[in-house]
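Below is one structure, written out as structure tokens, with a few remarks after it.
Each chain gets a letter, A, B and so on, in the order its sequence line appears, and its residues count up from 1. Fair warning: this is a prediction, and the values are worked out from it, not measured in the lab.
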Amino acid sequence: MTTHTRLTNREVAAILAGVAARLQILDANRFRIIAFQNAAESIRTLAQDINAIDAAGELTSIQGVGKGIGDAIHTLLVNGSDPEFDALFAQVPQGVVDMMQVPDMGPKKAKRLWEELGIDSVAALRAAAEAGKLRDLKGFGAKSEEKILKGIELLAKRTERGDGERMPIGVVRPLALHMIAELQAKLPAGAIERIEIAGSLRRWKETIGDVDILCLSAQPALVMETFRTLPEVADILGAGETKSSVVLGNGLQVDLRVVERKHWGAALQYFTGSKEHNVAVRELALKQGWSLNEYGLTATGAGDAPAGEERFFEEEADLYAFLRLEWVPPELRENRGEVAAAQQHTLPALLTLADLQGELHGHTTWSDGVASVAEMAEAARARGYHYWNVSDHSVGLGIVQGVDGEKLRRQRVEIDAYNRRCAEADIDFRLLQGSEVEILADGALGLPDDVLAGLDVVVASIHSAQRQDRETITARCLKAIYNPHVDILGHPTGRLLGERPPTEIDMERILQACRETGTVVEINANPARLDVNDLYARRAVELGCKLAINCDAHSPQDLTLAEYGVGVARRGWLTAADVINTRPVDAMLALLKDAQRNAHDQP
DNA sequence: GCCGTTTTCGGCCCGACTGTTTTCAGTCG
Ligand SMILES: Nc1nc2c(ncn2[C@H]2C[C@H](O)[C@@H](COP(=O)(O)OP(=O)(O)OP(=O)(O)O)O2)c(=O)[nH]1
Ligand SMILES: [Mg+2]
Ligand SMILES: [Mg+2]
Ligand SMILES: [Zn+2]
């Protein structure tokens, strides 16, 4: 019996991060601080509910959670608070922690301003800087004040955007590609030998903190000068000999690093990250007697090579190979087991965009799509697909004109006619007829079973009453999953990146039910959704589920979004075998039929 | 505070850029 509300993974992670921040300000042991940061990050990126893990007594199985932090989390979950954490939170005000969000304001500066000038909020910091009160402090000058004011402005700009400082990959990626194209166009031919996106964008993370670009050039100064003067650049944060940092008008930061050829391999490895992956690889290198930085390896003397001996790598793969590691696809570089797998040479063969044979969720003018059935089919064929499931919305969705049984009968005629034309022209393409059937508030579906039975592939999803409590919305989806006509659970968590948090749905129970019934879990590739995300995708496969990658296209252009879904899948360690729409149409349909035959009654 | 195909103790990644530092700390990548 608990009297407090259940803490989410995100909330527990935030508390641990808050502890780490306060320990930083109090100048605690730096490894203790890192331990709390690591535990926070680990829990933030956990696919399973921390309460369930605690209930199973398995907290210390979480990477970075040992006895100390494990016990504290347990106390937190059971009592709603932990006395030692409470003391830390009472000791250092939130406002002082908030000050560390200001660029160039770290724990040391925040501590001194707090202790020596009593500044305990970003607002107070701004006032003091504007009044010129900071320059009296040793180590601070007029420039520091200026920088702090600029930093506060930048912070405000970043936080006024919905979700805070990170932007969805779907927004950032086109901007980054555009900047690279501009750079290449503005520079003389040959100035850029190689240029590549690095950082979280190369790893296809769903949100991007900043863009990182690596460039190989014999004229670094020219490249960076050109970069800093691109039209979209609003401000220059830093400009040194090897790297520059700028801010665009929309608040997005872009970092450029320029290197010479012999450093390319190590530099790309470094700049791709993640930080946690880099640390893991560098620790492994040390065990082999080599110190790794962004230039290459230097022997420490602890191994066979004499101390000071250097190794350089023109290609990233050469560096991994030297460390006796399989080359790690960037999407896996999150220190979630990939380094160990690379050592064993057991990394998964990740699926690729080219593996997709068709899609199973998309819309036409029969509901809220902007193109006809034939137009969408042509677009799908142009993508190299061999099938596409017409899954217009069912009735039950307020604003959208739904497709009922009668309309489906007429739509079937149109689909059959298109397929007949393909067959006559000997074209290996087939339209399927389905529905994106609404899971109504009580778990009933927006179409009757006898109508669903006549469809090829049924996607069930939620677009309304998304604020139901955890038990209600989970039971609602379970009911749909156990309907034998439902083939795919569409965008299961309902989140919209930067706009709407996921519903309270218990994904562990949902995924277990999907595995039980053979219901396929969707990776909705629309970059506003990316739902399920990488973590749930990986968990789904662990539990034995199959997945489908769908653009949920409402227009022909939307089909280009598939690459974002593939990014999620690869980050979830998925192979082609895990994703049903990598199969030819008949094999894919046979798989769904099998699941239907083996369907269980809902317990 | 966490962790272990060399360890249950003794490690824990490494460098660029900035400012006022007169020799390097702080912050960030
Ligand atoms: N070895 C090492 N590499 C780091 C560290 N911090 C950052 N890096 C590397 C790996 C990162 O992927 C890369 C770019 O840094 P960013 O701060 O931009 O991080 P990243 O792009 O991964 O995520 P983001 O979405 O920008 O927050 O630099 C560090 O502390 N140590
Ligand atoms: Mg970045
Ligand atoms: Mg960066
Ligand atoms: Zn849809």
- Query: NA contact type, A:R257, heavy-atom cut-off 4.0 Å: base, sugar-phosphate, or nothing?
  - Reply: sugar-phosphate
- Message: Counting the atoms with a prime plus P, OP1 and OP2 as sugar-phosphate, which does A:Q343 contact under 4.0 Å by heavy atoms, base, sugar-phosphate, or nothing?
- Response: nothing
- Message: Measuring only the P atom in each nucleotide, how far is B:dT18 from B:dC13? A whole number of Å is fine.
- Response: 26 Å
Do any N or O atoms of the protein come closer than 3.5 Å to N or O atoms of nucleotides 8-11 of chain B, and which pairs are they?
none

- Note on the structure: Rounded to whole Å, the CD1-P distance (A:I148 to B:dT18) equals 17 Å
- Euclidean distance for C1', B:dT8 against B:dG1 (whole angstrom): 15 Å
Grab the N/O contacts between the protein and nucleotides 20-22 of chain B below 3.5 Å, and write none if there aren't any.
from, atom 1, to, atom 2, distance (Å)
B:dT20, OP1, A:G141, N, 2.8
B:dT20, OP1, A:S144, OG, 3.2

- Message: Can you list everything that forms a side chain to side chain contact (heavy atoms under 4.5 Å, CB included) with A:Q343? Sequence neighbours excluded, please.
- Response: A:L284, A:L325
- Query: Which residue, A:G68 or A:L237, contacts DNA chain B at a nucleotide closer to its 5' end, judged by nearest heavy atom?
  - Reply: A:G68
- Message: Using only atom types and a distance under 3.5 Å, with no angle test, would you say the side chain of A:D104 pairs donor to acceptor with the backbone of A:I148?
- Response: no
- Query: Could you go step by step and tell me if A:K143 and A:E146 meet the salt bridge (Lys or Arg N to Asp or Glu O under 4.0 Å) rule?
  - Reply: CA-CA 5 Å; A:K143 276 210 177 141; A:E146 220 174 282; over 6 Å; no
- Query: Considering residues at least two apart in sequence or located in another chain, which fulfil the ring pair (Phe, Tyr, Trp, His ring centres under 6.0 Å) criterion with A:W114?
  - Reply: none
- Task: Under 4.0 Å between any heavy atoms, over every strand shown, what does A:V102 touch: base, sugar-phosphate, or nothing? Just pick one.
- Result: sugar-phosphate
Side-chain donor-acceptor distances from residues 122-133 of chain A under 3.5 Å, at least two apart:
none

- Partner set under ring pair (Phe, Tyr, Trp, His ring centres under 6.0 Å) for A:F312, not counting sequence neighbours: A:H263
- Separation of atom CG in A:L154 from atom P in B:dC28, rounded to whole Å: 12 Å
- What distance, rounded to whole Å, do you find between the two C1' atoms, one in B:dA25 and one in B:dT21? 8 Å
- Query: Is it the case that more than 12 heavy atoms not belonging to A:D86 sit under 6.0 Å from its CG atom?
  - Reply: yes
- Atom CD of A:Q344 to atom P of B:dT5: distance rounded to whole Å? 10 Å
- Can you name the side chain to side chain contact (heavy atoms under 4.5 Å, CB included) partners of A:N293, sequence neighbours left out? A:Y295
- Item | Proximal nucleotide (of B:dC13, B:dC17, B:dT18) relative to the A:T242 side chain | B:dC17
- Rounding to a whole Å, what distance do you find between A:Q269:CD and B:dC14:P? 13 Å
- Quick one: ring pair (Phe, Tyr, Trp, His ring centres under 6.0 Å) partners of A:F313, sequence neighbours excluded? A:F322
- Task: Go through residues 104-118 of chain A and report each residue with a non-hydrogen atom lying under 4.0 Å from DNA chain B, sorted by number.
- Result: A:D104, A:M105, A:G106, A:P107, A:K108, A:K109
- Item | Charged N-O contact under 4.0 Å between A:E316 and A:R202 | yes
- Rounded off to whole Å, could you give me the CG-to-C1' distance for the A:L88 and B:dG1 pair? 13 Å
For residues 218-229 of chain A, please give each side-chain donor-acceptor pair under 3.5 Å, one per line with the distance, not counting sequence neighbours.
from, atom 1, to, atom 2, distance (Å)
A:E225, OE1, A:R228, NH2, 3.3
A:T226, OG1, A:L222, O, 2.7
A:R228, NH1, A:S244, OG, 3.0
A:T229, OG1, A:E225, O, 2.9
A:T229, OG1, A:T226, O, 3.2

- Item | P spacing across the pair B:dG10 / B:dG15, given as an integer number of angstrom | 26 Å
- Query: On a whole-Å scale, what distance lies between the C1' atoms belonging to B:dC17 and B:dC12?
  - Reply: 25 Å
- Task: Return the value, rounded to whole Å, for the distance between atom CZ of A:R30 and atom P of B:dC14.
- Result: 11 Å
- Base, sugar-phosphate, or nothing: which does A:K147 touch, judged by heavy atoms less than 4.0 Å apart? sugar-phosphate
- Within residues 283-304 of chain A, the residues having a heavy atom closer than 4.0 Å to DNA chain B are A:E283, A:L286, A:S291, A:L292, A:N293, A:E294, A:Y295
- Task: Mind checking side chain to side chain contact (heavy atoms under 4.5 Å, CB included) for A:R538 and listing every partner two or more places apart, or none if nothing turns up?
- Result: A:R336, A:E542, A:W573
- Among A:R529, A:R571, A:R495, find the one that has a salt bridge (charged side-chain N to carboxylate O under 4.0 Å, His left out) with A:E206. A:R495
- Only residue of A:R32, A:K108, A:K111, A:R22 satisfying salt bridge (charged side-chain N to carboxylate O under 4.0 Å, His left out) with A:D27 is A:K108
- Message: Just the rounded figure in Å: distance from P of B:dA16 to CE of A:M224.
- Response: 12 Å
- Note on the structure: note: A:L256, atom CG; B:dA16, atom C1'; distance rounded to Å ~ 14 Å
- Donor-acceptor contact below 3.5 Å, side chain A:R333 vs main chain A:V328: yes
- Message: Looking only at the side chain of A:Q253 (C-beta and beyond, no hydrogens), which of the listed nucleotides B:dG1, B:dG29, B:dT18 gets closest?
- Response: B:dG29
- Touch class at under 4.0 angstrom, heavy-atom based, for A:V65 against every strand present: sugar-phosphate
- Counting only heavy atoms not in A:E84, do more than 12 fall under 6.0 Å of its CD? no
- Answer for the Watson-Crick or wobble partner of B:dG15, both distances under 3.5 Å, is B:dC28
- Please work out if A:A239 contacts a base, only the sugar-phosphate, or nothing of the nucleic acid, heavy-atom cut-off 4.0 Å. sugar-phosphate
- Query: Using atom P of each nucleotide, how far apart are B:dT20 and B:dT27 to the nearest Å?
  - Reply: 14 Å
